[in-house]
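What follows is a short report on a single structure.
Residue numbers begin at 1 in each chain, while the letters A, B, ... track the order of the sequences. All values below were derived from every heavy atom in this structure, side-chain atoms included, with hydrogens, water molecules and symmetry-related copies excluded. Since the structure is predicted, the reported quantities are computational estimates derived from the model, not experimental observations.
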Amino acid sequence: MIKKHWWKALGVVLLIYAFTVGLLVPLKPGIQQVSPRSADAGTPITVLVNGYNTSYPADPTAIRAWLKVDSIHALAANSIRQTSRRAIELDFVLPASLPSRADVMPASLIIDEAQSGVQVLPDAVFIRQQVLDPAAGNIAWSQTVIQDLHKTSGMNFPFRNILKETIRNTYFHVSLWFAMLFLFIASVYYSIKHLRTRELIYDHWAESFTRIGVLFGILGLTTGAVWARFTWGAFWSWDIKQNMTAIALLIYLAYFVLRNSFEDAERQARLGASYNIFAFSLLIPLIYIIPRLSDSLHPGSGGNPAFGSEDLDNTMRMVFYPAIIGWTLLGYWLANLSARLLILREKYLSE
Amino acid sequence: MALIREIGWLLKKELTLEYRMRYAISGILLYVLSTVFIVYISAVRIDGAVWNVLFWIIVLFASVNAITKSFQQESGQRQLYYYSLLDPRAVILAKGLYNCLLLLVLTLLTYACFSFVAGNPVKDAGPFFLAIFLGSLGFALTFTFISGIASKADNRATLMAILGFPLIIPILLTMVKMGAQSMGLIQGNSIRSDIATLVGIDLVLLAVSLLLFPFLWRD
């Protein structure tokens with residue numbers, strides 16, 4: 001029993017692990033919001049910082065903060081006040097000029113304290129300058145060195161300012177898509193097998209894999225739309241990746257219409273298998289090549305880095321890869337049930 | 001060698017049929033003329049972007065209409081006769097080649113008519129004609145194969161549309177993009193990768209059609 005069905009148990013265990021760990025592990029402390037977002041060089045400013053998951057200590061000397069304009073130039077905060085565990089105020093005296101000839105330079109905000117570790121908000125404050133004097137700016141911005149940064153302790157997922165908690169959707173949206181692709185590949189494999197052997201049983205397998213693949217595709221599209229609602233502002237923003245995905249689902253829905261237009265099971269199987277292989281060969285350019293060549297909001301397209309190069313850290317990998325395996329095994333299980341049902345139906349109902 | 005000879009015969013047969021009946025070419029000519037005319041009178045002004053999109057859409061619908069009949073024109077008995085004589089790969093290659101020629105004529109004809117009534121915004125002719133050529137090949141291969149599948153069913157026209165249109169979108173989008181670039185509507189030099197995409201898709205379609213058609217045809 002266990003010897004035969006261990007993979008089902010493994011799939012369920014992996015998914016339970018992905019759901020619990022993926023949903024319960026907290027995010028790293030991060031900077032949620034700062035104000036103001038712009039300032040003039042040569043003036044003192046007070047930056048109000050809203051932290052996410054932070055626990056800023058009441059003792060201001062335990063906190064250090066910098067504004068960093070490039071890899072070597074930074075400015076330390078003059079004084080720091082804690083208003084709550086989630087909010088601090090930073091006073092900076094901006095020098096009269098920046099270490100560059102540019103009119104405006106974006107400065108990243110870096111906050112470091114022992115308990116929450118280091119927190120970074122890229123391009124937090126935009127600094128305008130009237131007097132262009134790079135030499136003076138160079139001196140004024142080279143007074144501090146950022147060093148002895150603390151590490152965040154414990155298990156955490158990365159904090160990304162635009163993603164926040166939705167980064168957990170990686171374990172559902174992205175993993176479901178991986179699993180869908182594996183299911184479609186399995187379906188093509190069985191279609192080829194059917195065409196070579198003419199055995200109807202392989203066609204039942206191919207059809208079942210396509211069914212579950214489409215189900216996973218719809219789930220992936222839905223989770224993607226929910227994610228897009230949060231990060232891009234709308235469930236459906238006519239992004240090329242979304243459109244291509246919807247078309248990919250149309251291609252597979254057409255597969256079922258095609259099958260249903262034939263009465264004869266043998267014909268249904270042969271034409272369905274041919275179309276399945278043909279469609280898969282066009283599915284690859286449709287979802288994986290064309291969106292990459294066009295402008296898109298989705299990671300991995302139009303020059304955007306693919307999700308994973310820097311956002312997917314080792315903690316996330318510990319959940320992400322098991323989630324892919326878990327969804328794939330669950331998909332295989334579902335397809336297995338569907339295929340067995342089709343085989344039984346053919347055996348007992350066709351006579 | 002035998003394969004090439006068979007393709008030659010089949011192509012000659014298709015062309016002779018076409019010459020005797022003049023069904024496809026006159027039908028397409030009228031189709032293109034009337035569509036272009038309808039587009040012309042319903043649109044007030046056709047500028048570059050609209051021109052590009054309308055052009056490829058007219059080409060798309062005309063191609064579907066032209067190719068749908070490629071496996072339906074001939075009776076079942078005659079198909080059986082071919083099947084007993086010929087290599088299936090020769091059949092699909094000849095049909096694909098003939099349809100590609102037909103689509104090239106059709107597209108150039110549409111281009112001529114459309115330029116005549118709505119002006120010609122194409123600035124860089126090279127990529128535009130390359131897009132027409134590679135796109136016609138892709139359209140012909142896809143629709144020929146789909147019409148091979150659809151011809152076995154009763155609801156041919158519906159199947160042709162629901163099976164063919166989603167599949168044609170990668171090719172169509174790349175063509176629209178190349179068209180827009182040749183008109184100077186979008187900047188950038190992605191033309192190489194677009195050509196590579198189209199050539200890649202065409203080659204994959206060719207390979208898959210050749211591999212799968214032998215399983216399709218005997219019925």
Side-chain angles (χ1 to χ4, degrees), chain A residues 188 191-198 202-203 217 240-241 243-264 266-296 301-303, chain B residues 92 138 141-142 144-146 148-156 158-178 180 186 188 190-219:
Chain A
V188 167
S191 283
I192 294 171
K193 236 174 154 177
H194 166 75
L195 286 180
R196 293 182 78 100
T197 62
R198 298 288 161 101
Y202 294 130
D203 178 60
I240 184 141
K241 194 95 174 176
N243 292 341
M244 295 300 109
T245 310
I247 290 160
L249 286 178
L250 282 185
I251 290 180
Y252 276 99
L253 292 177
Y255 168 78
F256 297 111
V257 177
L258 174 71
R259 295 186 67 101
N260 287 335
S261 16
F262 302 104
E263 292 277 319
D264 176 31
E266 200 263 336
R267 216 175 200 200
Q268 208 177 60
R270 194 157 38 81
L271 295 171
S274 308
Y275 176 76
N276 189 16
I277 300 168
F278 194 73
F280 185 77
S281 64
L282 275 177
L283 186 76
I284 299 304
L286 191 69
I287 359 186
Y288 295 101
I289 299 176
I290 303 272
R292 266 160 218 266
L293 298 176
S294 322
D295 292 323
S296 167
S301 321
Chain B
I92 186 82
L141 289 170
T142 313
T144 308
F145 189 82
I146 295 298
I149 294 182
S151 65
K152 313 272 192 225
D154 297 329
N155 48 347
R156 286 168 191 164
T158 325
L159 269 188
M160 195 71 193
I162 58 169
L163 299 181
F165 282 170
L167 285 179
I168 211 72
I169 281 172
I171 302 172
L172 187 70
L173 274 183
T174 320
M175 283 162 82
V176 169
K177 210 170 137 210
M178 279 177 83
I186 48 172
S190 62
I191 210 99
R192 263 162 200 276
S193 61
D194 286 341
I195 293 171
T197 312
L198 272 185
V199 171
I201 293 177
D202 286 352
L203 285 178
V204 168
L205 285 176
L206 190 67
V208 174
S209 307
L210 280 179
L211 284 173
L212 290 178
F213 191 71
F215 296 103
L216 258 187
W217 73 325
R218 228 179 284 266
D219 222 3

Within-4.5 Å side-chain heavy-atom neighbours: L159(B) and S261(A): yes
Per-residue contact mode, I201(B) against chain A (heavy atom under 4.5 angstrom): side chain
Would a distance-only check, ignoring hydrogens and angles, find a side-chain to backbone donor-acceptor pair under 3.5 Å from N276(A) to G272(A)? no
Listed by chain and number, what are the side chain to side chain contact (heavy atoms under 4.5 Å, CB included) partners of I146(B), not counting sequence neighbours? Y275(A), F278(A), T142(B), M160(B), L163(B), L167(B)
Here the gap from I171(B) atom CD1 to L141(B) atom CG, rounded to the nearest 0.5 Å, amounts to 8.0 Å
Atom pair NE2/CZ of H194(A) and F215(B) - distance to nearest 0.5 Å: 9.5 Å
If you apply the rule side chain to side chain contact (heavy atoms under 4.5 Å, CB included), what do you find for V257(A) with L253(A), and how did you get there? CA-CA 7 Å; V257(A) 177; L253(A) 292 177; 5.8 Å; no
With respect to chain A, which residue among A150(B), G200(B), A153(B), A207(B) yields the maximal number of heavy-atom pairs within a distance under 4.5 Å? A153(B)
R259(A) side chain reached by L271(A) side chain, heavy atoms, under 4.5 Å: no
Taking heavy atoms only and a threshold strictly under 4.5 Å, list by residue number the residues of residues 243-250 of chain A that touch chain B; give 'none' if the list is empty. M244(A), I247(A), L250(A)
